[in-house]
Each structure stands twice: as C-alpha cells, then as structure tokens.
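What follows is a short report on a single structure.
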Amino acid sequence: MTQETQPPLLQETGIPLDEYQAIVRLLGREPNRLELYLFKVMWSEHCSYKNSRPLLRLLPKEGPAVLQGPGENAGVVEIGEGWAVAFKIESHNHPSAVEPVQGAATGVGGIIRDIVAMGARPIALLNSLRFGRPDHPRTRYLVRGVVEGIAHYGNAIGVPTVGGEVYFHPDYQENPLVNAMCVGLLRVEELKRSRASLGRPVYYVGSKTGRDGIGGAAFASEELSEESESKRPSVQVGDPFLGKLTMELTLEAIRQNLVEGVQDMGAAGLTSSLSELAHKSGLGLELHLDRVPQREAGMNPIELMLSESQERMVLVPRPGQEQALEALAARYGLDAVPVAHTIAEPVFRVIQAGQVVAEVPTAALADCPTYTREGREDPAIARLRAVDLNALPVPSNLQEILPRLLSSPNLCSRAPIYERYDHQVGTNTVLVPGWGDAAILRIKGTQRGLAVKVDANPRYSKLAPRLGAMHALAEAARNVSVVGGRPLAYTDGLNCGNPETPEGYFELSETIRGLAEASRALGLPVVSGNVSLYNEGPNYRIPPTPMVGVVGLLENLEHRAQQGFQQAGDFIVLIGALEGQLGASEYLWVVHGQEAGSPPPLDLAQEARAQAAIRALIEQGWVRTAHDVAEGGLAVALAEMCLPRGLGATLEVRSPARPDAVLFGEAPSRILFSVNQAHLQAAVKLLENHGLPYHILGQVGGSTLTILTPKARLEWPLADLRQAWEAPLREVLP
Amino acid sequence: MKVAVIQFPGSNCDQDALWALRLVGLEAELVWHTERSLEGFQAALLPGGFSYGDYLRAGALAKFSPVMQEVRRLAQRGYPVVGICNGFQVLTEAGLLPGALLANTNLHFTCKEVFLRVERTDLPFTRAYTPGQVLRIPIAHGEGRYYADAETLERLEQNHQVVFRYTSPQEAPSKEGYNPNGSLNDIAGIVNPAGNVLGLMPHPERAVESVLGSADGLPFFRSLKQALEVVV
Amino acid sequence: MKYHITLLIELKDGILDPQGRAVEGVLQGLQYPVENVRVGRVLEMELEAPSEAEARATAHNIGKALSNPVMEVFVVEAVKELA
Amino acid sequence: MKYHITLLIELKDGILDPQGRAVEGVLQGLQYPVENVRVGRVLEMELEAPSEAEARATAHNIGKALSNPVMEVFVVEAVKELA
Ligand SMILES: Nc1ncnc2c1ncn2[C@@H]1O[C@H](COP(=O)(O)OP(=O)(O)O)[C@@H](O)[C@H]1O
Ligand SMILES: [Mg+2]
C-alpha cells in the first residue's frame, strides 16, 4: 500500500502501516477511531520508548540501596534512618520551544507530580537547559521565557530550585532543551506505586479536563517543523496554585493511609495513567467518561482521552476510605471523582453514555513494537575529532584569556538565573546555588544531608558520544563528591536527534553504552530517566545530550565542603595532573573558534579514587573548600574559588607542557581543595594512600589571583575577574 | 501562649514558620484559612507563599478568607500578629497595615540575601535585637516594593513605625544597590501604631540556624517568645 | 438576565509602573511614537442580575472588592446584556 | 495629533486561565453570581499619529507586537484624540 491508498485514519493519525497491522493482530479486528488514537499516543516514542527500550536494558539498575528502579513514576533509593529519596528527570523540550513560559512551567509541574506519585514530598528541583547563541533575539526570548516559567511554577508551589546548568551552543538554536529534575523525600513505609487491587474505584483528583495539549505526547515525538509551529496544539497552561493543592491533598491522603495506589496524569493524560495503572496491576479497568470533570462543554471522547490538562492525579483509595478521601479533597476545594474501577478482565474499556466506545487489551497498549536499528557515525564528526590541535599557536597574551573565558556564556555567573528561583523555601537548603559544585539539602531531624547535581557537556558528547556520556556521569558524581556526598544513584535525561537516521541512532546508542560503562565502573545504578528524541533543527541534529542527575548522601552534614576559599593562609592542592587537553575544550571554542579534537580521555578507576579521596578528606574534617576542575581548566577553577568570598590566591604551576593547556586545558578526575597547614601533611598522605597524583600549588590570600608559570607572572585583580564573570548573563536577563 | 500559623491555600512557608517557632520553644499550630475561630491562640503568623496563587495581586484574594475576621479581632485586642512576605502583603491588602506592596522595580521574583537595619527594639518582635543592629536575612518575592502616599509615609516615619530597613553590609557600606525592590524609604518592615501588628518582606524563618547560612532571624522568634510569656 | 461585564483595574497616576516603562522601552525601541504607557488588568465575566442598572451596581462592588485603593483605580468599562 | 489608545490583551478561548478561575472561586464564595471570569491585561498609552485611522492601524500593530499569538488575542478597545 502506498501513502495514498492507506486508510484515511492512518493518514490522520500518522500511524505507520506496519504498526497498524500489529494493532489489528493484537485486537483481532480493526480498531475504531478512538481506539486507534489510544494506540497512537501509547505507542508514541514518548510513552513507549520504542527506539530506546532495547538500548536502555544495557544500563545497570540494581544496587543495595535501590528500592525502586526504572519502571515507576520515579526511582527510589534508601538513605537510612527509615528515609528514602525519590527522583527523576523529565524533558519538556518541544512545549518550551513553542511557548517557553508555559512549556517550562508545565515541565516542572509534571516532574513534581511524578515524585508525589511515589509518596514523596518534593524537596528540591533542578533544571538542565540548552539554548542557541546568546546574542540571538530568539535565544533571549527563550531564555527569559523558560527561566520565568520555571520560577513561576517552582516558586509558587513552594519547592526550592536548588541547582541546574545552562549551556549555550549554536546546535540548539531551533531546538532548545528544557529538562527538569525533582527530588523528593519519603518514609520507606510510605512508598507508593502505580497499583490497584481488584474491584477498587479509581479516583480522578485535581483540575478539570479541558482541550489542553491534545496529542502533546505524540507531538513531543515529532521533529519541530514550520508546520508544527503553526499546527500548535492548544497550549497547556500550568497552575501552580492548583498544583500545590493537589500535591498537598495527595501527600495528606498517603500520610493518613487512605490510598493503596497513586499515579500522576502526565503525557497522554487519562489514557496513559489509567491503562498503565491497570496493566501494572495485572488487571483491567472500566472508565466512565461522563464522570470526568470537564472544563469545557462538548468535549468528545478523543479529546477527553488525550487531553493533557495539568494538575491531575489518580488515587486508588483503600477499601472503606472512599468517603475520607472525598472529604479531604473537599477541604482543598478539589474535584475527587471515582471515574473508573478495576476489573479482572485485562482490558481497558471506555464507556460513554452507557456505550462502550473503546475496548482494548491493556497489554496491547503497553506492548508497542520496539526497534533496533543500524547506527553509523556521521563522518563529519569523525573528521572534527581527528583534527590535530598541536599545531595551534600558543597565544602571546595569556593574561587576557582568563577574563575572556570567565565571560563566556558557558562559564559566566549564573546568578541572573538562580536569583529568580526561590532556592530556600522549605528551609533545608544548606548549600545554595553559587556556593558549591552541588546543592546540599539537610534532612530535618537527622544529621544527614543530600547532595544533588545534574550535568552534561554537549561539546564532549557531540565530538565523542560514548566518551561524552561517560564524562557526564563522572562529572555529575564528582560534583556531588566534592561537597562531601557519596553518590548513590542517578537519573538520566537522554536528549538526542532522530533515531530513524543512522547518525541519530548511533548517537543514542553510543550515549547509552557510555553511560552503562561509567555506571559499572563507578558503581552507580540508574533508577529513573527520560528519553527525548527527534530534537533537530531544519538542517542539523542537536548534540547528544545525556543530562545526568546524581543524588548523594552526606551522613554527617557537619562535614561538607563549599567551593569558595574561606581562610587566608590555607594551602591549595590539586588532585590529578597539572596539564589539561585542548580537545573539545571551552578554551578552544572561545579563543580559537574551534570545536574539534577529542574530549580528554577518562580513566574511570582513577576517577573513582579521586572522588573517594576528596570525600575522605571532607569526612576527616580537614577540607571545607573543594571544587572540581571542569570547563575552562585550572585557571578558571581557581578564579571560581576566589570569587565567592573575594579571597585571592598565589600559585606556582611548573610544567613543561604548553602553557595554554596547563592553564585552560581540560581533564577529568581533577579536584582542587584548600587545607590549613596543620592538616596539609595528613591530607597529602591520604592522597598517596589512594594512589593519586597531586600538586601543592600555593596559598590562599590577597585580592588578586596570581599564577607564576616558568615564563611569566600572571596576576588578575579579583575585581576585574568578577566584572568579566558577572556581566554577560545580566544582558540576557536584566 | 499558642501561635496560630495561618494556612491559606497556596501558602508555602507555613511549615518553615512552624519549624522556626517551635525551635525557640513556642507552641504553634497550623490553622486552615476556613477556620472561623482562633480561640486559644495568643498570636497569629501569616506565612509566606503564594496565597491563591498570588493571582490578581499578591495577597489580594486571601483577605477574603474566613479566618481573616479572627486575625483582625486578635490584632484589635493587642495580640501579636506577624505577616512575613506574602503574609505582609495580605495584612496590607486587608487594611491591617498601611500602604501596599508593588512589583519589584526589576520586575522579577528575587531570591537572595539582603541586609536589614533594626530600627526599633521595643516591640514584641525585636526586643532581642540591639538598636541599629544589621541583620543578614534572605528575601524571596516578586512584589515587595513598599509604597504609600507621601502623607502616610511621613506619618509612618514620625511614629517610628518603620521597623526594618534595607541597608548595605557594615563591612562594605555603599549608597546604592542594597535596596532589592525599590521600596520607598528602603522600607522592609513596618508595624501598626499600637506596635502589635508587624509585616516584613524578608524571611526571618529562613535564618534561624547557622547551617542555613544565617541565624540572624532567631532573635525575632525569641523576642516573640519572651513577649508571649509576659502576656500570660 | 445575564450580563457580560468588563472591568479595568489600573495603577493610579503618579505611581511608578515599571511594567509600563518596560513596555514603553520595547515599543520605542521598535520606533513606535508612544508615551506614558501604563499596564493594568482587565477582568471579564458573566453576571446574573435583574436589570442593567443592578448589573452595573454589582460590577461596581466587584471592582471595589478586587482593587486596592492605595494604588489602584477601577472602571466598569462595559456592561452588555447577553442573549 | 496625539491619541490615547486602550488595548486589551486576553487569553484565547479554551486556554486555561488559572487567574480567572481563582478570582471566580473567591467571588462565588462572596456570593456574587458570576461565571466565566477571565483576567487579561490592559495597556493604555499616548500615540502620535497623523489621523485616527493611522492611530488605529498603529495600535493594531502594537497589539500584535505585544501579544503572544500562541495563547493570546488582542483588541484595540479605544482610540481617542487628545486635546
Ligand atoms: N533514560 C532512561 N534511563 C533510565 N530509566 C528511564 C529512562 N527513560 C525512561 N526511564 C524510565 O521509564 C519509565 C517511563 O518513563 P516516563 O514515560 O517518562 O514516565 P512518566 O510517564 O511517569 O513521565 C520511568 O520509570 C522512567 O524512569
Ligand atoms: Mg508518571
């Protein structure tokens, strides 16, 4: 059959013929229009992971602390004293490209509901953002909108936004990335899953259903084109006020032990939340559409089933608690309606006005065919990676390079962004944005704390997807370690291009393989995540962007580190090599205008030792200032340690290597820390015992950053560095 | 000596306020906005957050909540009533404090540490401070620009009703840049003429433990505790 | 009877309106010859009332309840009977 | 010539209006018989233009520039010549 001779319904829904035939096989008959739409959304990439599921199996998911791995609304990890953390990352790239404020806001609302669905109280939000060139007006429009949307929702619902990262790169110009991560805290015994027992009423709680974002999940799986810009589904609007009430109602119902199962209503709305609830419970479900609270008159079954109206949850009361649940909802002024009930026959049955309007086996909706494809590296990327950088001239004036790097949009101060986020509501934020490589949250009533960070370097991943993914996990974990947290597990937001092209599939597959390898080497399981594919502009793919969110534990909060120098006279020690590499570095891009070479090699065993060593130093109480050496290299890392408290440093770096590689080159597994004289020897001994190379570089003090190299004395007044570092993002976000 | 922490739909610093009050040993309980009686409470705290989503105008819709009648009664009878951030906005909207809080001049929500000078230490909220003491306390608001007409402003100053003012840190005095929202006369917090109803934009409950970066808000709650012990 | 009500709530003259200023800056940047830009709110709603006069009176009360006399003024911009 | 322009920017029908809903809930709680409350923005400004027709045309362009076509619609509510 050709395109023209396909049944009109296939053209309308965009379901490929082979999938349609699979549907007919599963049903044993032709589906009706509504049923076909149910398949369309459930078999979309966003809901079915049809291109990524076989690859995701490669990721290690087990660990002694893991209570819930991938497969539920969020992963859950035990942290001791009866507590556990639930966390997950979620993308909202396409909605944010269409309407940045609401796209970002509803992304935050959605990930919060996933955490609440596990029975956890959200205690922290993070976000990972990618935009195009900062001087482009559309980029400014997107940055302002996205930041406003995140602030609007997170601030109002009262969950602090404690961290994140932003990267500007021309390959995101048309297709920005907006991923939000949420971390929640729960008592182990209150862990909830998306489950219902037989014959239970299933309650719809929260906001009414309107024609919002019809087909959003399917939309998320299409490339952004001129056409989709005009096709714009009706935009979903976030309502943090109702979101807050819905969240409090759900958590209170769990605390009072009124419910046996919880499920959020996210992408693909009623269809996905109810059919998955039934399927995971090994049951069927009968849904009465007439009972669904509706905001607009005259909504048809397809609209009701596909609506992505926000601030809705599904609660399954325990037997006898129906009235209590309804009374609780009334207190919050929310709708709580038994719209469905579970049945033994494993089918998803939709009833309207007494008629069955759709009936499909629950397993069929879940059993989307998966695809394993042929991947092939884009030869252009391989060529870029092979570029010889040794021939690059060493700049004559090294002095002027540091301020230039500090004012690069990827390295400059993020304060104009995080100042707009409430990062303290909840009074648990011990390390606020700008003061550490990871945020720290305390757990009230214990000595414990959590360290959280999300990370991904698009340049590394663009030039070497597998190595880049390994770096992403290593760096996120390193950031958690340098504040004193022991990494427990991670969540990953995989943002890639079109998997139906060999290049796109190659990048997705390499990224996951890299993550898997780093996971095993670092002993970190993945407990949740998200895949967002088809991220492309009109004539290019985004770089594969694996946003890795790591959560770590501090057993004793007293022992933690921040990034800024705190005490004049302290000695400054570098763990790792003095020299970095130019390949894929920020320096190479900013100063030489090139994105080429290979990202630095990564020795995962040394990485693990470096992280263990810095944690031990912090745990001993010897180190209270530590910072990892990342983009921009040694000089930038040192400046970042001077700026928080305006305390300078004088250091000597003696290396025969080219000075730009020493000062600005990049390499993993490198950590700077400061230590007072009394503990210097012990600290050094500890590094030796861990088999780590190290260098004692100098001392803290003064109001300049001074670096003595074999050939030159470089001296920067901190005031100048601060100015270079603080100005650029203020222009984008005044 | 029990403090009622009023929960409007959308309040989100209610638990934080409760934590801070209990930290100094005060008895405190959450009270849902539909309650019609504050019997048994000797003080009320209106916490920060986004009551009714801050829709229309921050604090504008919360003033219609049933519990506000009782808050008003408590205030009239001379009991301490505190509004922090959104709570301050509610108190001005309800007419319990003069003036209004408008959008920050930078037009966006701003969360950061600011410095405050304590202008009065004879109040149930400030007795544990020393006159002129400079505090380091976070703000987190989008509509915190204090405004009142010239006459009201004049009266506030003459009656010494300004309790907290934005200022620069002592170690780095500066003439500008310290007022985060464009408040007239650098006003961060005011009190009614009787001295028992106080509103402030900064969050003392976020600065009650050194682990949170500052404990400069602790004396605020200690003062309240002292004052309430005297009431009994 | 059902009436459609339009209510405007605006900042009083003389009160700094940073949003208005920001919009003015944008428009002037686009070469529009504008001045004194002020940004306020418009509320539209449907109201049940026995007569237009009563609808107007109720609208007035609503405007009073929803505006803040310290810095705002309100206008009942329109009262239209609905079919 | 100088004209006073009033521009209304409102959410499209069908787009959820959380503000309107919250206001509606409060007004109904106060026993006002209202429904379908929607909250939008009103912009007032002074505009230099050679004629009323041109003022109106410019106001239209301004409305286009300031509203978000994904979610909003605008109306040029009034164009009045100033003394
Ligand atoms: N990249 C990934 N790595 C690990 N787990 C993943 C990944 N992507 C998705 N998952 C898991 O697959 C499940 C389905 O994800 P998703 O459809 O995003 O959930 P939800 O509908 O709750 O947003 C979740 O348990 C999620 O954690
Ligand atoms: Mg979910």
Side-chain angles (χ1 to χ4, degrees), chain A residues 94-103 105-106 109 137 141-142 144-145 148-149 152-153 156-157 206-214 228-246 293-299 303 307-312 332-335, chain D residues 5-49 54-78:
Chain A
H94 293 82
S96 302
V98 174
E99 212 308 288
V101 178
Q102 292 304 332
T106 52
Y141 163 75
L142 289 172
R144 287 175 190 159
E148 182 187 332
H152 163 65
Y153 202 101
I157 199 168
S207 193
K208 295 190 197 314
T209 299
R211 290 188 178 94
D212 307 322
I214 302 288
S228 60
E229 285 249 359
S230 61
K231 194 164 84 184
R232 283 168 189 148
S234 133
V235 172
Q236 316 161 29
V237 173
D239 182 353
F241 171 55
L242 238 96
K244 166 86 172 156
L245 296 175
T246 308
Q294 299 172 30
R295 194 173 82 225
E296 301 169 51
M299 291 184 68
E303 290 173 328
S307 162
E308 299 195 340
S309 288
Q310 301 291 301
E311 337 301 351
R312 300 181 296 170
Y332 288 100
L334 294 172
D335 282 315
Chain D
I5 306 289
T6 309
L7 210 61
L8 305 185
I9 301 183
E10 305 183 326
L11 286 173
K12 279 184 188 165
D13 277 348
I15 297 251
L16 173 68
D17 176 11
Q19 284 209 76
R21 200 162 51 174
V23 172
E24 179 171 313
V26 168
L27 287 177
Q28 288 172 349
L30 295 170
Q31 313 301 333
Y32 286 105
V34 294
E35 279 179 358
N36 287 329
V37 179
R38 310 277 289 171
V39 180
R41 288 179 294 155
V42 51
L43 281 99
E44 313 239 13
M45 63 192 78
E46 285 163 35
L47 174 69
E48 194 60 54
E54 295 214 27
R56 189 169 290 276
T58 308
H60 187 86
N61 289 338
I62 291 178
K64 214 161 162 179
L66 294 181
S67 59
N68 174 352
V70 180
M71 304 178 58
E72 295 174 328
V73 288
F74 70 91
V75 194
V76 179
E77 173 80 2

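The shown structure was predicted, so the numbers you read here are calculated from the model rather than taken from an experiment. A note on names: the letters A, B, ... follow the listed sequences, proteins ahead of strands, and every chain is numbered from 1.
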Do you know the tightest heavy-atom contact between D/I15 and A/R295? C-NH2, 4.2 Å
Interatomic spacing from CD in A/Q102 to CE in D/M71 - rounded to 0.5 Å: 4.5 Å
Hey, does A/V237 have a side-chain heavy atom less than 4.5 Å from the side chain of D/P18? yes
So A/D239 and D/R21, do their side chains get closer than 4.5 Å, heavy atoms only?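 With C-beta onward as the side chain, the pair touches.
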Would you say that more than 12 heavy atoms from the other residues, nucleotides or ligands in this model lie under 6.0 Å from the CG of D/N61, or not? yes
Checking D/N68 against chain A: side chain, backbone, both or neither under 4.5 Å from a heavy atom?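 Just the side chain, heavy atoms under 4.5 Å.
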Just give me the residue among D/L16, D/D17, D/L11 that pairs up with chain A most often, heavy atom to heavy atom, under 4.5 Å.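 Option with the greatest count: D/L16.
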